[in-house]
Amino acid sequence: MKQKHFNVVAAGVLLALSLVSEMAQAAGVLTIGRREDSTTFDPIKSAQNADNWVFSNVFDPLLRVDNTGTKLLPGLAESWTISPDGKTYTLKMREAKFSDGTPVTASDAVFSLTRIRDDVGSMWKDSYSIIETLKAADPHTLVITLKTPSAAFLSQLALPNASVISQQALTKQGADDFAEHPVGSGAFSVKEWTRGEKVELVKNPYYWDAAKVKLDGVEWLTLPDDNSRMLKVQAGEIDAALSIPFSRISSLQKDPKLDVVLDTSTREDHLLINHAHGDLAKVEVRQALDFAIDKKSIIDTVTFGYGKVANSYIPDGALYHYAANLQRPYDPEKAKALLAAAGVKNLTLKYLVNAGDEVDEQIAVLLQQQLAKAGITANLQKVDPSQSWDMLVAGDYDISVMYWTNDILDPDQKTTFTLGHDSNNNYMTHYHNEKVKALVAAARIEMDPARREQMYIDLQKMAKADVNWIDLYYSPYRNVTRKNIKNFHQNPLGRFTLEETVKE
């Protein structure tokens, strides 16, 4: 009887210790509610923020961008030199390991950069086609030779999609399995990805700067509905929530248990236009759409003054932003006249809207009303955010509001992706202008700063004249955390510096 009692007590103690252990473990795990799920863990096959922001803590690029979003720092490459002719880059790589314990070598870097340049599934081929040769001079020396000097190339090496991945792991697993179960060298590794629900990350003990990492893990929870996400962080069910609706910023700031984090960003929201669909191929029709939209009303009504009217695809504050770029005024009568001149009557558009995204839904209603005043019918199709991206890629839309944040310091990346190449139909718009495409390629390799700046000014003017899409507004990143979460920030390019985050 006594022994039995002892066993019961012992079992109770063990259970209590187990619960304490689980609580302690949970205390070191940061839970983040976000709108979108990941789509893949193959870096070269995505251009979505939902992916890149997780990539940045799972994979390591050769270079990084600092927290101010203005300088390049060492990543897996501790140092680098550039030859006098500007074509050969020699990078010395640090001693590092992948999350499976195998060493990171220059050969892995050769494999990764060759793959982003050549793989048929790469969404970034054009940006890296300037690479002539790649060579591992020794296990820790990478030599890259370009076809021609490039002002943008060093910045391109900091792109999350160009991170160094394990050649051994991808070859053994195959690309499809690797995209589900990646092997990286970042601060965290993927424990489990439950599609539509969450991505579980755990601290990577092999990370080269592991002593700096305070969190035991990170859970990225897919919570598409804005209201639900905000309620969960207010109730303490999650530690942080991304993408605060503008309408909730003020009330959340008054909650003594929360910190609202408004970080400087390179975010630009815009209206995508599918040029491949009927009358939208006509520039006069796209110009009519631009005249029919009152951007200032979006700032006042939807962003509560936190936004700023956008006039260019290059965001305000970014390199070569052209502040004097054209802004078409709100003029529904001018829009009607342009449609009439183009011979277009009863223009009806399929407007793709992310369901549960408060800001997206508010803008949709506002634009629908404004377009109607110009005689344009916008039929709103609300879809789950997990479906909208695939529909955009498939061209199953006429117009849709999307956003972009820069991933590198140089304007070449966004310019190439949205104006200058064909592999993704210029960010799903099917925009095509051979003169623009040629100028994008020329700007990439122009080494004279003044001439290069003029090229980007010209590109901003040409994009606006063609209405590749409609620039709407710039805004800060809008996130909220519980008070016990410290150092939770995004740099202007969107990277979450979770290796610096603390959960007290």
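Just so we're clear, the structure is a prediction, and the values are computed from it rather than from any experiment.
Between atom OG1 of residue Thr70 and atom CG of residue Leu409 there is a gap of 7.5 Å, rounded to the nearest 0.5 Å. Distance CG/Leu439 to OH/Tyr456: 8.5 Å, rounded to 0.5 Å. Remark: Gln362 CD to Leu367 CG distance equals 11.5 Å, nearest 0.5 Å. A distance of 8.5 Å separates CD in Gln48 from CE in Met123, rounded to the nearest 0.5 Å. From Ile131, atom CD1 reaches atom CD1 of Ile116 across 8.5 Å, with rounding to the nearest 0.5 Å.
Checked against the 6.0 Å centroid threshold, Phe417 and Trp124 count as a close aromatic pair. Aromatic rings of Phe188 and Trp220 (six-membered ring for Trp) have centroids beyond the 6.0 Å cut-off, not under it. Note: Tyr427 and Trp404 meet the aromatic proximity criterion, with ring centroids under 6.0 Å apart. A centroid separation of 6.0 Å or more is found between the aromatic rings of Tyr397 and Tyr351. Ring centroids of Phe41 and Trp193 are separated by less than 6.0 Å, placing the two rings close together.
The only option from Thr418, Asn274, Asp396, Leu392 that meets the side chain to side chain contact (heavy atoms under 4.5 Å, CB included) definition with Met428 turns out to be Leu392. Tested against Leu271 for a side chain to side chain contact (heavy atoms under 4.5 Å, CB included), the candidates Asp471, Val401, Ile363 yield a single pass: Val401. Partner Ile273 forms a side chain to side chain contact (heavy atoms under 4.5 Å, CB included) with one of Asp290, Val285, Asp398, Leu289 and no other, that one being Leu289.
The pair Asp357-Arg35 counts as a salt bridge, with a side-chain nitrogen and a carboxylate oxygen less than 4.0 angstrom apart. Of the charged side-chain nitrogens involved, none lies within less than 4.0 Å of a carboxylate oxygen, so that Glu333 and Lys373 do not count as a salt-bridged pair. Of the charged side-chain nitrogens involved, at least one lies within less than 4.0 Å of a carboxylate oxygen, so that Glu499 and Arg64 count as a salt-bridged pair. A salt bridge links Glu446 with Arg451: the distance from a Lys NZ or Arg NE/NH1/NH2 to an Asp or Glu carboxylate oxygen falls below 4.0 Å. Taking the charged nitrogens against the carboxylate oxygens, Asp316 and Lys308 do have a contact shorter than 4.0 Å, which makes a salt bridge. Electrostatic pairing of Asp269 and Lys295 does not count as a salt bridge here, judged by no charged N lying under 4.0 Å from a carboxylate O. Electrostatic pairing of Lys198 and Glu192 does not count as a salt bridge here, judged by no charged N lying under 4.0 Å from a carboxylate O.
Put simply, the side chain of Arg229 gets close to the backbone of Ser243: a donor and an acceptor are under 3.5 Å apart. Side-chain atoms of Thr301 do not come within 3.5 Å of backbone N or O of Ile298 as any donor-acceptor pair. Not a single donor-acceptor pair under 3.5 Å links the side chain of Ser38 to the backbone N or O of Thr40. Counting only distance, with no hydrogens or angles, the side chain of Asp466 and the backbone of Asn468 share no donor-acceptor pair below 3.5 Å. Put simply, the side chain of Ser475 never gets that close to the backbone of Gly307: no donor and acceptor are under 3.5 Å apart. Between the side chain of Asp360 and the main chain of Asn354, a donor-acceptor pair closer than 3.5 Å is present. With hydrogens and angles ignored, the 3.5 Å screen pairs no side-chain donor or acceptor of Ser228 with any backbone N or O of Asp225.
In the model, Tyr313 has a side-chain atom that pairs as donor or acceptor with a side-chain atom of Thr415 under 3.5 Å. For the residue pair Glu358 / Ser247, a side-chain donor-acceptor distance below 3.5 Å is found, with atom types taken as modelled. Under the 3.5 Å distance criterion, with hydrogens and angles disregarded, a donor-acceptor pair is assigned to the side chains of Thr68 and Asp66. Judged by distance alone, the side chains of Gln156 and Asp412 do bring a donor and an acceptor atom under 3.5 Å apart. Neither side chain, Arg482 nor Gln234, offers a donor N or O lying under 3.5 Å from an acceptor on the other. Judged by distance alone, the side chains of Thr31 and Asp239 do bring a donor and an acceptor atom under 3.5 Å apart. Side chains of Asn325 and Gln460: no donor on one and acceptor on the other come within 3.5 Å. A donor-acceptor contact closer than 3.5 angstrom is absent between the side chains of Thr194 and Glu200.
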Quiz item: Stepwise, does the salt bridge (Lys or Arg N to Asp or Glu O under 4.0 Å) test hold for Asp126 with Lys437?
Solution: CA-CA 11 Å; Asp126 289 12; Lys437 186 176 181 179; 5.7 Å; no
Practice problem: Evaluate the salt bridge (Lys or Arg N to Asp or Glu O under 4.0 Å) criterion for residues Arg452 and Asp410: first the C-alpha distance (whole Å), next the side-chain angles of each, then the deciding distance (0.1 Å), finally the verdict. | Solution: CA-CA 11 Å; Arg452 191 163 190 254; Asp410 196 272; 2.8 Å; yes
Exercise. Start with the C-alpha gap between Leu30 and Glu219, add the side-chain angles, then the distance that decides, and say whether side chain to side chain contact (heavy atoms under 4.5 Å, CB included) holds.
Key: CA-CA 6 Å; Leu30 180 73; Glu219 290 187 2; over 6 Å; no
Exercise. Would you sort out whether Leu223 and Lys232 count as a side chain to side chain contact (heavy atoms under 4.5 Å, CB included), showing the intermediate values?
Key: CA-CA 10 Å; Leu223 301 169; Lys232 283 182 179 294; 3.8 Å; yes
Practice problem: Under the side chain to side chain contact (heavy atoms under 4.5 Å, CB included) rule, what do Val260 and Asn479 come out as? Steps first, then yes or no, please. | Solution: CA-CA 6 Å; Val260 170; Asn479 305 318; over 6 Å; no
Quiz prompt | side chain to side chain donor-acceptor pair (under 3.5 Å) assessment of Gln490 paired with Asp263 | solution = CA-CA 6 Å; Gln490 290 179 274; Asp263 285 325; over 6 Å; no
Practice problem: Could you walk me through whether Asp51 and Lys45 pass salt bridge (Lys or Arg N to Asp or Glu O under 4.0 Å), step by step? | Solution: CA-CA 10 Å; Asp51 293 319; Lys45 295 183 179 179; over 6 Å; no
Quiz item: Is there a side chain to side chain contact (heavy atoms under 4.5 Å, CB included) between Arg117 and Leu113 once you walk through the steps?
Solution: CA-CA 6 Å; Arg117 181 192 65 182; Leu113 291 175; over 6 Å; no
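Here the shortest heavy-atom pairing between Ala465 and Gln287 reads O-NE2, 3.3 Å. The shortest heavy-atom contact between Val190 and Pro182 is CG2-CG, 3.6 Å. Closest approach of Leu258 and Val233 over heavy atoms only: CD2-O, 3.7 Å. Among all heavy-atom pairs drawn from Glu36 and Ala50, the shortest one is CB-CB, 3.9 Å.
Counting non-hydrogen atoms of other residues, nucleotides and ligands closer than 6.0 Å to NZ of Lys334 gives a total of 12 or fewer. Counting non-hydrogen atoms of other residues, nucleotides and ligands closer than 6.0 Å to NZ of Lys296 gives a total of 12 or fewer. Within 6.0 Å of atom NZ in Lys350, more than 12 heavy atoms from other residues, nucleotides or ligands are found, so the atom counts as buried in its surroundings.
Between Trp53 and Tyr477, the ring-plane angle classifies as perpendicular under the 30° and 60° cut-offs.
For residues 157-167, the set of pairs meeting the side-chain hydrogen bond (donor to acceptor under 3.5 Å, both in side chains) definition, not counting sequence neighbours, comprises Asn52-Asn161.
No cation-pi contact links Arg267 to Tyr474, judged by a cut-off of 6.0 Å to the six-membered ring centre and 45° from its axis.
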